[in-house]
Novice: 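Here's a structure for you.
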Protein chains: 2
Amino acid sequence: MSSQQVRPLRADAQQNYERLLAVAARAFTREGAGASLKTIAQEAGVGIGTLYRRFPTRETLVEAVYRNEVARLCTAAPALVAESPPVDALRTWMEQFIDFMAAKHGMADALRAVLVSEDERMHTRGLLRDALATLLDAGVADGVIRPGLDPYDLLMGLGGITLIAEGPGQRDLALRLVDLLINGVRL
Amino acid sequence: MSSQQVRPLRADAQQNYERLLAVAARAFTREGAGASLKTIAQEAGVGIGTLYRRFPTRETLVEAVYRNEVARLCTAAPALVAESPPVDALRTWMEQFIDFMAAKHGMADALRAVLVSEDERMHTRGLLRDALATLLDAGVADGVIRPGLDPYDLLMGLGGITLIAEGPGQRDLALRLVDLLINGVRL
DNA sequence: AACTTAACCGGAGTCGGCTCCGGTTGGCAA
DNA sequence: TTGCCAACCGGAGCCGACTCCGGTTAAGTT
């Protein structure tokens with residue numbers, strides 16, 4: 001139905017795209033997700049217009065930079081289920097998620113965009129949802145987690161925790177809130 | 001201990017302060033909490049510098065504008081406890097909080113600032129915490145809520161829900177998350 | 001090789017946030 | 001009344017976000 005024209009990028013455009021991602025990754029690591037986009041564009045040797053054409057918002061750029069790392073976290077979910085009791089696996093996964101988000105200083109706004117966006121190009125949200133679905137299903141199968149829950153709700157709950165407790169000294173708070181959340185989904 | 005010098009404002013400063021608040025209230029209602037501060041300053045007949053001296057960040061201005069309304073919400077907590085079972089009272093209060101936040105479009109950033117800020121001038125956070133403490137205590141007394149919970153945690157949890165689900169079509173999501181949260185604090 | 005054009009490029013320009021500091025003044029003391 | 005100064009005022013100026021469009025070019029066509 002929708003126009004999924006993916007016509008490969010022109011060679012020069014492809015290079016610019018990759019250079020932007022590489023430079024942005026360095027910049028975000030160095031100065032947090034609030035780094036100046038103009039500077040990133042300059043360092044990548046392109047105009048600011050080119051950056052914005054490729055990444056309409058700061059959040060799309062952040063998402064692109066960290067897409068791989070988030071994907072790795074998500075694909076790790078089945079292994080967790082295999083080696084731990086469901087509730088432990090869920091808690092461990094959520095803890096990793098929180099630590100990941102905290103490590104990328106200032107990433108909260110990007111997360112909000114990814115989670116709230118209607119835009120399905122934000123493929124990352126689907127991955128996260130699926131990871132949580134896996135963890136939930138294991139718990140339901142073991143009869144320790146309330147059935148009928150929408151993994152999307154849980155993802156949003158976790159997102160909320162991350163948004164409110166992303167600061168440096170708030171890891172403990174975040175973990176307490178995760179406990180509350182997990183308690184809420186238990187049977 | 002701390003320098004609580006509250007020396008009354010000079011007469012002209014006082015007037016400017018009040019005019020800023022009044023104009024900001026109108027502007028926020030009209031265009032959401034993202035309204036141009038420069039415009040607000042102009043409409044209030046002061047320079048942008050004056051606005052910033054009084055309200056160092058956009059969030060402090062938003063907080064000041066809505067302080068009274070939040071306070072009203074908080075003082076309503078005891079009445080809720082008196083007329084409903086504790087868990088219902090808690091749910092009702094949280095629902096009102098969410099509706100209030102949703103009504104003020106774009107208020108989420110201000111909320112985050114109020115909740116996370118170290119700054120105790122953000123008196124509002126204390127009010128919210130106390131309201132939740134009242135609601136929690138009632139539940140603990142009735143033996144339906146887990147004792148030993150820090151109301152601050154619950155406030156942050158609610159704040160997280162508000163941040164992630166502040167959008168227009170997300171009231172249902174927010175309420176489901178509140179249910180999850182309440183479930184987590186139940187015995 | 002020459003031509004065509006869709007796709008791409010880049011930066012000038014506009015806008016809002018925020019700072020900084022030289023000029024102004026309310027209110028008190030003498 | 002007069003003088004003084006702490007407090008206050010305001011906007012010029014800087015910075016970054018984001019838009020817009022005239023010029024450029026890769027890559028397919030003949």
Side-chain angles (χ1 to χ4, degrees), chain A residues 3-24 27-28 30-65 105-110 112-113 117 119, chain B residues 3-24 27-28 30-65 105-110 112-113 117 119:
Chain A
S3 54
Q4 198 65 330
Q5 283 289 50
V6 196
R7 180 195 310 257
L9 286 178
R10 229 167 70 172
D12 53 343
Q14 178 70 29
Q15 284 194 346
N16 283 340
Y17 181 87
E18 282 159 11
R19 211 163 333 120
L20 276 171
L21 270 188
V23 170
F28 290 158
R30 198 186 334 125
E31 339 170 17
S36 159
L37 296 183
K38 187 182 294 184
T39 303
I40 289 176
Q42 280 169 353
E43 275 183 38
V46 305
I48 185 67
T50 298
L51 188 156
Y52 271 95
R53 191 169 340 96
R54 224 45 87 187
F55 306 102
T57 67
R58 172 183 296 277
E59 287 73 30
T60 53
L61 179 55
V62 175
E63 196 260 355
V65 166
H105 176 242
M107 204 177 157
D109 289 324
R112 176 152 46 166
S117 165
D119 193 340
Chain B
S3 53
Q4 198 63 332
Q5 282 291 50
V6 197
R7 177 199 309 260
L9 286 177
R10 228 166 71 172
D12 52 344
Q14 178 70 28
Q15 284 193 345
N16 284 340
Y17 181 88
E18 282 160 11
R19 211 162 336 120
L20 276 171
L21 271 188
V23 170
F28 290 157
R30 197 186 335 124
E31 338 169 18
S36 159
L37 296 183
K38 189 180 290 184
T39 304
I40 289 176
Q42 281 170 353
E43 275 183 39
V46 305
I48 186 66
T50 298
L51 186 156
Y52 272 94
R53 191 169 340 96
R54 224 47 86 189
F55 305 101
T57 67
R58 173 182 296 277
E59 286 72 31
T60 52
L61 178 56
V62 175
E63 196 259 356
V65 165
H105 175 241
M107 204 177 158
D109 290 323
R112 176 151 49 164
S117 165
D119 192 341

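Both backbone and side-chain heavy atoms feed into the values below; hydrogens, waters and symmetry mates do not. Order of the sequence lines fixes the chain letters, A, B, ..., with proteins taken first and strands second; residue numbering starts at 1 for each chain.
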Novice: As a test of reading the structure: which of dG17(C), dC8(C), dA17(D) is closest to the side chain of L9(A), going by heavy atoms?
Specialist: dC8(C)
Novice: Does a side-chain heavy-atom distance below 4.5 Å link T57(B) with T60(B)?
Specialist: yes
Novice: From the options dC9(C), dC8(D), dC18(C), select the nucleotide whose nearest atom is closest to the side chain of R54(B).
Specialist: dC8(D)
Novice: Short question: side chain of R30(A), backbone of A35(A) - any donor-acceptor pair under 3.5 Å?
Specialist: no
Novice: Quickly work out the E59(B) CD to dG17(C) P distance and round it to whole Å.
Specialist: 11 Å
Novice: Which one, dG16(C), dT19(C), dT19(D), comes nearest to the side chain of S36(B)?
Specialist: dG16(C)
Novice: Of all heavy-atom pairs between I40(A) and V23(A), which one has the smallest distance, and what is that distance?
Specialist: O-CG1, 3.7 Å
Novice: Report the distance from atom CG of L51(A) to atom P of dG11(C), rounded to the nearest whole Å.
Specialist: 13 Å
Novice: With sugar-phosphate meaning primed atoms plus P, OP1 and OP2, does L37(B) contact a base, only sugar-phosphate, or nothing at under 4.0 Å between heavy atoms?
Specialist: sugar-phosphate
Novice: Flag the pair K38(B) / Q42(B) as yes when at least one side-chain heavy-atom distance between them is below 4.5 Å, and no otherwise.
Specialist: yes
Novice: Would you mind reading off the distance between I48(A) atom CD1 and dC15(D) atom C1', rounded to a whole angstrom?
Specialist: 13 Å
Novice: Starting from P on dA17(D), measure out to CZ on F55(A) and report it in whole angstrom.
Specialist: 15 Å
Novice: Measuring from the side chain of R58(A) (C-beta onward, heavy atoms only), which nucleotide among dG16(D), dG10(D), dC8(C) has the closest atom?
Specialist: dG16(D)
Novice: To the closest 0.5 Å, what do you measure between CZ (R10(A)) and CG (N16(A))?
Specialist: 10.0 Å
Novice: Distance check: side-chain N/O of R53(B) vs OP1/OP2 of dC18(C), anything under 4.0 Å?
Specialist: no
Novice: Measure from the side chain of A13(A), starting at C-beta and using heavy atoms only, and say which of dC8(C), dG16(D), dG10(C) lies closest.
Specialist: dC8(C)
Novice: Write down the distance between OH (Y52(B)) and P (dT19(C)), rounded to a whole number of angstrom.
Specialist: 7 Å
Novice: Is the backbone N or O of A13(A) less than 3.5 Å from a side-chain atom of R54(A), with the two atoms forming a donor-acceptor pair by type?
Specialist: no
Novice: When rounded to the nearest 0.5 angstrom, what is the spacing between OG1 in T50(B) and OH in Y17(B)?
Specialist: 14.0 Å
Novice: Of R10(A) and G49(A), whose closest DNA chain C nucleotide lies nearer the 5' terminus?
Specialist: R10(A)
Novice: Both A11(A) and K38(B) contact DNA chain D. Which one's nearest nucleotide lies toward the 5' end?
Specialist: K38(B)
Novice: Could you identify which residues of residues 15-22 of chain A place a heavy atom less than 4.0 Å from some atom of DNA chain D, listed by residue number, or say none?
Specialist: none
Novice: Round to a whole Å and report the spacing from CG of D12(A) to C1' of dA26(D).
Specialist: 6 Å
Novice: Within the structure, does a side-chain N or O atom of T50(B) lie under 4.0 Å from either OP1 or OP2 of dC8(D)?
Specialist: no
